[in-house]
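Chain letters run A, B, ... following the sequence lines, proteins first and then strands; every chain starts at 1.
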Protein chains: 2
Amino acid sequence: MGNTFYITNPTNEDLNNFINLYIERYILILLARCKVFYEGRAKSQLEEGDRLIIIKPDGTFLIHKDKKREPVNWQPPGSKIFWSIERDCLILNSIRRKPREELKVVISRVYHACAFKCEDYEELNLTGSESEMAEMIFKNPNLIEEGFIPISREYQIPTGIIDILGKDKDNRWVILELKRRRADLQAISQLKRYVEYFKNKYGEYRVRGILVAPSLTIGAEKLLKEENLEFKKLNPPKGGKRNLNHNVKSKKTAVLDEWL
Amino acid sequence: MGNTFYITNPTNEDLNNFINLYIERYILILLARCKVFYEGRAKSQLEEGDRLIIIKPDGTFLIHKDKKREPVNWQPPGSKIFWSIERDCLILNSIRRKPREELKVVISRVYHACAFKCEDYEELNLTGSESEMAEMIFKNPNLIEEGFIPISREYQIPTGIIDILGKDKDNRWVILELKRRRADLQAISQLKRYVEYFKNKYGEYRVRGILVAPSLTIGAEKLLKEENLEFKKLNPPKGGKRNLNHNVKSKKTAVLDEWL
DNA sequence: GAATTGATATCGCGT
DNA sequence: ACGCGATGTCAATTC
C-alpha cells in the first residue's frame, strides 16, 4: 500500500525533494538534531538536541522531546510552513498569522524521515463530559432535589453563562454550576458571580446557587459555606454501550467483546 | 549513527521483536491502522482509521490524527505499557495508576515503525511569562504607580494565592493579580476573591485590588468597574539576549544571527 | 498526596 | 473575528 514513504540519513537535496513531494498532503515525521526558536505571544529558544518533529497536513507543527506529554514547541492548525537550505542546515519556518507567531527550526542532521497518508474518517466518541451531566439532569431533575425544575441551559448573563437555570419547589431561582470533576475555588467564584447578578435582579432571598460535582476541594468547601452556596454531589454519567453511542455519527463497529 | 531503526510492513512477529528491542529506551513511532478505547476519568472509543502512535521512554503515549494540535487519545508520563498479539492484531495497553486509566489500541496494520534514541540535554528557555512580569514589577514598582511598594510574592490566603501583595503611598493594602495575556471574567473574580478576604480583615477602605495585564475582555472591563477594582495596562517582558539568558543553565550556543 | 494556578494553554461554540 | 468557558486539560509549586 503506497501510503507511507521514508528516507534514512538523507542529503539536504534528498530532504528538499522529500518535503516538496509530501508536505501539506501527508503527515511528515522527522527524527532530527535541531535547534528551535520561537517568538510570538512569548519567546523561547532551545539549543541543539535530538527531537521528533511532526508536520500535519492542516499546518499543525509539533516538536517533541523524549519526555512529557506536551510538545516543547509547536504551531497550531492553519500555520503556514516555509523551508530552505542554509549553511548546510535545513531550516523549517512555521508562521501563524493571528496572533503573529514564528517558529524556526534549524536542523543540522536528519536521521530518518517518514511521510504518512492518513486515511481517517472516524471521530472520537467521548462520554462522561459536563454536557452529558446536563442532559442527565434535564431528563431527571430530581437528581438535584425534589421539585427542582430546570428551565434553561447555557443561559447567558453579562457576567458569563449559567450552566443550568431553574426553579425550586418554592419558586426560587436556582442556578446550577456543573463540574465533571472535583470542584475548586474557581468553580465557587464562578457560581458566586452568577448568583450575585441574579440576587441584584430578583432579591437576596429569591435566589439559590448549587454547585453540582463529584466532590469539592477543602478550600472550595469552606468558601461555598461562607457564601451560603450549596453543594450537590453528582458524578458525570459514563454511559455503557447505549450512552457511548449517544453522539455517534457512524455505528459501523461494535465495541470489542473484551472491552465490556 | 545507530540511533534510529525502522521496519516497514512488518509481520506481527517482526513487530513483537521490534517493540521488545526498543521500548522504554527509544521513542517508538508507529504509522498504523487502529481502533482506540479509553476508560478512566472519562470514557471514549475511536473506530478504525490511520493514526500516528508515539510511545516515549518515560511512558508518555500519544495517538495523533492527521489534524489538530492535540492527540486524540493519550496517557501521561509514568504510564506502564503492555502488548500482545491477539486475533492477528497487535494490542497495546497503556495503564496509569492514579487515577486508574486504561488506553487500549487495537492495531490491525502497521505500515511503518521507527525507534529513535533521543540524545537531548537541553531545556527550553522561555521568556514572557507571568513570573517574569512579577520580577519586573519588583525591580521597578513604579510601573504600577508612583509610591507602590511590593511586599510579598505568591502570598497565600485561605481563598487562594495572591500574585503580588503590596502597599500604596497612602499605606493601603494593594493586591495585584497578574495576567500575561488579555484578562477575562475569571481573572476579575479571582482578584475579587482576594480583595474580599483582605477587606474583611482590614476594612473596606484599607484595601485596593489592581488587575495587571496587557488588556481586558469587554465583560471583564465592565465587572471590574462594578466591583471598584482597578486596571493597570502592562505587557510581560520578552527579554532580548540578556533577559533570554535569565534562566539559562547552559549558554553554549549564541542566538542565531538571523534571529535578532 | 492534595490544592492551587499558570500556560505560547487548545478547542469549540456562540454573537 | 471576538468573547467566553470546557478540557480525560498538563505541569509546576507549595504545603
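Nucleic acid contact class of A:Gly219 (heavy atoms, under 4.0 Å, all strands): sugar-phosphate only. Using a 4.0 Å heavy-atom distance criterion, A:Arg193 is classed as a sugar-phosphate-only contact. Within the nucleic acid shown, A:Thr159 comes within 4.0 Å of sugar-phosphate atoms alone, with no base atom in reach, counting heavy atoms only. Across all strands shown, A:Gly160 has heavy atoms under 4.0 Å from sugar-phosphate atoms exclusively, and none from any base.
Taking atom CG of residue B:Leu124 and atom P of nucleotide C:dA7, one finds them 13 Å apart after rounding to whole Å. The interatomic distance linking B:Leu126 (CG) with C:dG6 (P) rounds to 15 Å, in whole Å. Following rounding to the nearest Å, A:Asn73 (CG) and C:dT8 (P) show an atom-to-atom distance of 10 Å. To the nearest angstrom, C1' of C:dG6 lies 13 Å from CE of B:Met133. The CG atom of A:Leu191 sits 13 Å away from the P atom of D:dG5 (whole-angstrom rounding). Whole-Å rounding puts the B:Glu130 CD to C:dT4 P distance at 17 Å.
Using cut-offs of 30° and 60° for the angle between ring planes, the B:Tyr202 and B:Trp173 rings count as tilted.
Residues from residues 177-185 of chain B placing a heavy atom under 4.0 Å of any atom in DNA chain C, listed by number, are B:Glu177, B:Lys179, B:Arg180, B:Arg181.
Look at A:Arg96 and you won't find any side-chain N or O under 4.0 angstrom from OP1 or OP2 of C:dT8. Within the structure, a side-chain polar atom (N or O) of A:Lys98 is placed less than 4.0 Å from OP1 or OP2 of D:dC2. Under 4.0 angstrom from either OP1 or OP2 of D:dC4 there lies at least one side-chain N or O belonging to B:Thr217.
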Check the interface with nucleotides 11-15 of chain D: list each N/O to N/O pair with the protein under 3.5 Å, or write none.
residue : atom : partner : partner atom : Å
D:dA11  : OP1  : A:Arg69 : N            : 2.9
D:dA11  : OP1  : A:Glu70 : N            : 3.2
D:dA12  : OP1  : A:Lys68 : NZ           : 3.4
D:dA12  : OP2  : A:Lys68 : NZ           : 3.1

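Checked against B:Leu211 for a side chain to side chain contact (heavy atoms under 4.5 Å, CB included), the options B:Leu176, B:Ile175, B:Leu178, B:Leu224 give a single hit: B:Leu224. Across A:Glu102, A:Lys104, A:Glu101, A:Gln45, a single residue satisfies side-chain hydrogen bond (donor to acceptor under 3.5 Å, both in side chains) together with A:Tyr38, and that is A:Glu101.
Proximity of a side-chain donor or acceptor of B:Arg182 to a complementary backbone N or O of B:Leu216 within less than 3.5 Å is detected. Side-chain N or O atoms of A:Lys68 include none that pairs as donor or acceptor with a backbone N or O of B:Asp58 at under 3.5 Å.
Residue-to-nucleotide contacts include a donor-acceptor pair under 3.5 Å from the side chain of B:Glu101 to the base of D:dG8. Applying the 3.5 Å distance criterion, the base of D:dG5 shares no donor-acceptor pair with the side chain of A:Gln186.
Judged by a 6.0 Å distance limit and a 45° cone about the ring axis, A:Lys80 is positioned over the six-membered ring of A:Phe82.
Ion pairing between a basic and an acidic side chain is recognised when a charged N comes within 4.0 Å of a carboxylate O; B:Glu177 and B:Lys192 show no such pairing. Taking 4.0 Å as the cut-off between side-chain N and carboxylate O, B:Glu135 and B:Arg153 do not count as a salt-bridged pair. Salt bridge absent: A:Lys43 and B:Glu132 never bring a charged side-chain N and a carboxylate O closer than 4.0 Å.
Separation of the P atoms belonging to D:dG8 and D:dC4 is 23 Å when rounded to the nearest angstrom. Distance check on atom C1': C:dG6 versus C:dT10 gives 14 Å, rounded to whole Å. On the P atoms, C:dT4 is 23 Å away from C:dT8, given to the nearest whole Å.
Taken to the nearest 0.5 Å, the OG1 atom of A:Thr159 stands 8.0 Å off from the CD atom of B:Glu226.
In this structure, of D:dC10, D:dA6, C:dT8, it is D:dA6 that holds the atom nearest to the side chain of A:Gln190. The side chain of B:Tyr194 approaches C:dT5 more closely than any other nucleotide in the set C:dA9, D:dA6, C:dT5. For A:Trp74, counting side-chain heavy atoms from C-beta on, the closest listed nucleotide (C:dT4, D:dT9, C:dA9) is C:dA9.
Taking each heavy atom of B:Arg96 and B:Ser79 in turn, the nearest pair found is CB-OG, 4.0 Å.
Consecutive pairing runs in DNA chain D reach the stem threshold at C:1-7 with D:9-15, C:9-15 with D:1-7, where a stem means at least three Watson-Crick or G-U wobble pairs with distances under 3.5 Å.
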